[in-house]
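Heads up, the thing below is written out as structure tokens.
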There are 2 protein chains.
Amino acid sequence: MHLHLVVNLDATASIAYAATMSERATPSPEAIKAWARLMRVSRQLVERAEDALKDGGLPPLAWYDVLHELAEAGEGGLRPFQLIERTLFAQYNISRLLARLEADRLVEKLRVADDGRGQTIRITGKGRETRRRMWAVYGRSIAELVGARLSTSELDALSRLLRRLRHPTASD
Amino acid sequence: MHLHLVVNLDATASIAYAATMSERATPSPEAIKAWARLMRVSRQLVERAEDALKDGGLPPLAWYDVLHELAEAGEGGLRPFQLIERTLFAQYNISRLLARLEADRLVEKLRVADDGRGQTIRITGKGRETRRRMWAVYGRSIAELVGARLSTSELDALSRLLRRLRHPTASD
DNA sequence: CATATGTAGATGCAATTGCAACTATATGCG
DNA sequence: CGCATATAGTTGCAATTGCATCTACATATG
């Protein structure tokens, strides 16, 4: 992954910070720093994980996300719109990603009885196998990049803080 | 922004976690959760910020990052490779982004005397103005999305945790 | 039933990204 | 100097993304 939208501190912002948060448009220096770190770190980590998969001759992270959801869903499969809710991919992105996954026989599309517009996506055996191989690499990346750098309680603290930044979606 | 590589918990990972971190490839449940949150939240936030810029008829975040670095650099400008170090963009991405910025007269390319291969990029007046207008929107996004959701000390705590996940680069 | 509106998903096209190769200048070294 | 290698930056081409639109089916309402 080589798209990096990295942000940096705005020099002027730290000069005069006085008013309370709710009344101002300019963020506090602390907010800017946290934002900048979040942007930079998340991109570095994604890139590292993507590189690891690439080095292993495996598909990109996006494929893992979809295969993971479908594996969890089991034989019943999921509707594309449910994948959109869970993964936050854009609609057209899911549409095309599923087409690629189907072309690789990692998923199959099934007509759904009670809604003529829809389809159900089900992971195949090959898809499960691919997901397993991806997890071997991806999981190692997570262990190295995050698990090895913070203690369990620090990881919990980080999760709690990030949770507060989350925006509600249909799935979580 | 509509590319979302969202990760989710691996169901099997939480079943039997016993060995110590250093010996295993499978990450702890806490590491997986922190990773998943980081991926999900960072993408949501980027998307929100990008949407805000789009709604304001402004260029994407990537432009801000480059304009910001160039504005900080002042009249001396920066070499493209310095921008790469600071922003973490891929080399070919910077090359083309600068071409677009130059086409919009937001930056100018200057031949550099002591290295015939290189060039120096300098922000123009129009570039500074565009950066200012972008910051009005972008800064508000940061204030709303991050500044308004965590206290100053929580923001500091978040920054410190994220710092530990950072990977060394030429610039930081 | 007929029309209007909403939802599920696909797709044409332009822009961007990623990869790999390429040009051009610089530097190290015999 | 002359060649090998490294660095700075660009570019052709394929793949992916984003936008806008489009088709098809579903649901609501008179």
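Letters go in sequence order (proteins before strands), and every chain restarts at 1. Values in this document were obtained by computation on a predicted structure and should not be read as measured data.
Distances shorter than 4.0 Å separate some side-chain N or O of B/Q119 from OP1 or OP2 on D/dT10. Residue B/S95 has a polar side-chain atom (N or O) positioned under 4.0 Å from OP1 or OP2 of D/dT10. For A/R100 and D/dA15, the shortest distance from a side-chain N or O to OP1 or OP2 is not below 4.0 Å. Residue A/K54 has a polar side-chain atom (N or O) positioned under 4.0 Å from OP1 or OP2 of C/dC19.
Of the candidates C/dT25, D/dC19, C/dG9, D/dC19 carries the atom nearest the A/Y92 side chain, counting heavy atoms from C-beta on. Nearest to the side-chain atoms of A/F81 among the listed nucleotides C/dG9, C/dA26, D/dG18 stands C/dG9. Considering only the side chain of B/R96, D/dT11 comes nearest among D/dG9, D/dT11, D/dA24. Distances were taken from every side-chain heavy atom of A/R117 (C-beta onward) to each of D/dC25, C/dA24, C/dT11; the shortest belongs to D/dC25.
Under 4.0 Å is where a charged nitrogen must lie from a carboxylate oxygen, and between B/E75 and B/R128 at least one such pair does. Salt bridge annotation for B/R79-B/E69: absent, with no cationic side-chain nitrogen under 4.0 angstrom from a carboxylate oxygen. The pair B/K54-B/D51 meets the salt-bridge criterion, since a charged nitrogen lies less than 4.0 angstrom from a carboxylate oxygen.
Both B/K109 and A/G116 lie close to DNA chain D; mapped to their nearest nucleotides by heavy-atom distance, the more 5′-ward contact belongs to B/K109.
Side-chain contact check for B/V107 versus B/R122: every heavy-atom pair is 4.5 Å or farther apart.
As a whole-Å value, the separation of A/L98 CG from C/dA8 C1' is 13 Å. In this entry the distance linking CG of A/L83 with C1' of C/dA8 reads 13 Å, nearest Å. In this structure, the CG atom of A/N93 is 14 Å from the C1' atom of C/dA15, given to the nearest Å. One can place CG of A/L97 at 16 Å from C1' of C/dT11, the figure rounded to the nearest angstrom. Atoms CG (A/L101) and P (C/dA10) sit 12 Å apart, rounded to a whole Å. When the P atom of C/dT7 is taken as reference, atom CD1 of A/I94 falls 19 Å away, rounded to whole Å. C/dA24 atom P lies 13 Å from atom CZ of B/R111, rounded to whole Å. Spacing between atom CZ of B/F89 and atom C1' of C/dT17 amounts to 12 Å, rounded to whole angstrom units.
Taking the six-membered ring where tryptophan is involved, the planes of A/Y138 and A/W135 are perpendicular, since the angle between them exceeds 60° and thus also 30°.
With hydrogens and angles ignored, a donor-acceptor pair under 3.5 angstrom links the side chain of A/Q91 to the base of C/dA10.
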